[in-house]
Amino acid sequence: MNRLLASSLCCAVALGACSSQQGRQANNAAPSPAPSIANPIAFPLYANARVLSTKAYTQTVNTAGTATSASALSEGGGTYSGHEVVAATPSSFVQLTDWVHALDAKPPQGYTTAPAVDLNQARAQAKRFGLDFAAFQTQQNGKKVGLLVVVMDPARVTTKLGPVLDLIGKYRMLPGAMRSGIDSQVKSRTGMSVTEAMQPDSPIGAALSALDEFQHSNQRGILLIDATKQ
């Protein structure tokens, strides 16, 4: 009887140890990688880029984006719908600007470079803040689709535009009659008004909207914004 009891105790201890070991192995197992996010825009991303987030949007505008604004909303006043894609890459900002310029010179199949009077000034301004961009057009279901491709160095954008972000925050909280002073400060520092800086479909506006995605990342960003007038 004593031998039977001892044998049973040994089995119980062994089973408990095995269960404990399996629990530790499960707890120490590497976490499953986050599922990849699909790019809803049929435009090729940079080779090693990873999509961080996407969202669909609808926006109503009263006037058309000008040719030098590089806006995706280029078909006049009205309601637009589209997608915004934020992607990250460990590649350098120089590599990304080379990629954008190559696309601008030879767009992907199905796309053409968006007509513009002169984007040199807008690009020079964007590069001051760690940005570059190109604008394209395509056709989907018989409708014209505008596409803005922005590449950014988030660290440089934060350094160059950090003080402006604080001013924009104050601007949003003030009534219209009290905003002119802040508008003047932002214009003197950046060469653009707060309204221009806050446009989500412009290169600088898109970059500012996406900065939070890179707060804890030492990577560069790629932004895609497409728009179809309804």
List in chain and number order the residues that pass side chain to side chain donor-acceptor pair (under 3.5 Å) with [X], two or more places apart in sequence or in another chain; answer none if no residue qualifies.
X	value
Gln95	Ser92
Thr89	Asn48, Ser91
Thr112	none
Gln219	none

Any heavy-atom pair between the side chains of [Y] and [X] that's under 4.5 Å?
X	Y	answer
Asp153	Leu96	no
Leu208	Leu161	yes
Lys144	Gln137	yes
Met152	Leu223	yes
Ile222	Leu45	yes
Val85	Val51	yes
Thr58	Tyr80	no

Using the test ring pair (Phe, Tyr, Trp, His ring centres under 6.0 Å), find all partners of Phe136 that sit at least two apart in sequence or belong to another chain.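 Applying ring pair (Phe, Tyr, Trp, His ring centres under 6.0 Å) to Phe136 gives Phe43.
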
Please indicate whether Gln230 has more than 12 foreign heavy atoms, meaning atoms of other residues, nucleotides or ligands, lying under 6.0 Å from its CD.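 Counting other residues, nucleotides and ligands, CD of Gln230 exceeds 12 neighbours.
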
Using the test side-chain contact (heavy atoms from CB on, under 4.5 Å), find all partners of [X] that sit at least two apart in sequence or belong to another chain.
X	value
Ser180	none
Ser53	Val86, Glu213
Asp98	Val94

What residues, two or more places apart in sequence or in another chain, satisfy salt bridge (charged side-chain N to carboxylate O under 4.0 Å, His left out) together with Arg123?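 Residues passing salt bridge (charged side-chain N to carboxylate O under 4.0 Å, His left out) with Arg123: Asp104.
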
Listed partners of Lys55 passing salt bridge (charged side-chain N to carboxylate O under 4.0 Å, His left out), at least two apart: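 Applying salt bridge (charged side-chain N to carboxylate O under 4.0 Å, His left out) to Lys55 gives Glu84.
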
Non-hydrogen atoms of [X] and [Y] that approach each other most closely:
X	Y	answer
Leu148	Ala135	CD1-CB, 4.4 Å
Pro40	Thr54	CD-CG2, 3.6 Å
Pro154	Gly221	CD-N, 4.0 Å

Output the distance between atom [atom1] ([X]) and atom [atom2] ([Y]), rounded to the nearest 0.5 Å.
X	Y	atom1	atom2	result
Ile225	Leu147	CD1	CG	9.0 Å
Lys160	Ile204	NZ	CD1	12.5 Å
Asp226	Ile41	CG	CD1	4.0 Å

Applying ring-ring contact (aromatic ring centres under 6.0 Å, His included) as the test, list every pair that has at least one member in residues 209-230; sequence neighbours left out.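 Not a single pair qualifies under ring-ring contact (aromatic ring centres under 6.0 Å, His included).
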
Any chance the side chains of Gln59 and Thr79 put a donor and an acceptor closer than 3.5 Å?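 No, because no side-chain N or O of Gln59 sits under 3.5 Å from a partner of the opposite role on Thr79.
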
Under the 3.5 angstrom rule, does the side chain of Asn141 hit a backbone N or O of Lys143 as a donor-acceptor pair?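 No: the side chain of Asn141 does not pair with the backbone of Lys143.
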
Closer than 3.5 angstrom, by distance alone: can the side chain of Thr228 be matched with the main-chain N or O of Val145 as a donor-acceptor pair?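 Such a contact is absent between Thr228 side chain and Val145 backbone.
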
Mind listing the side-chain donor-acceptor pairs of residues 126-134 below 3.5 Å, one per line with the distance, residues two or more places apart or on another chain?
from   : atom 1 : to     : atom 2 : distance (Å)
Asp132 : OD2    : His101 : NE2    : 2.8

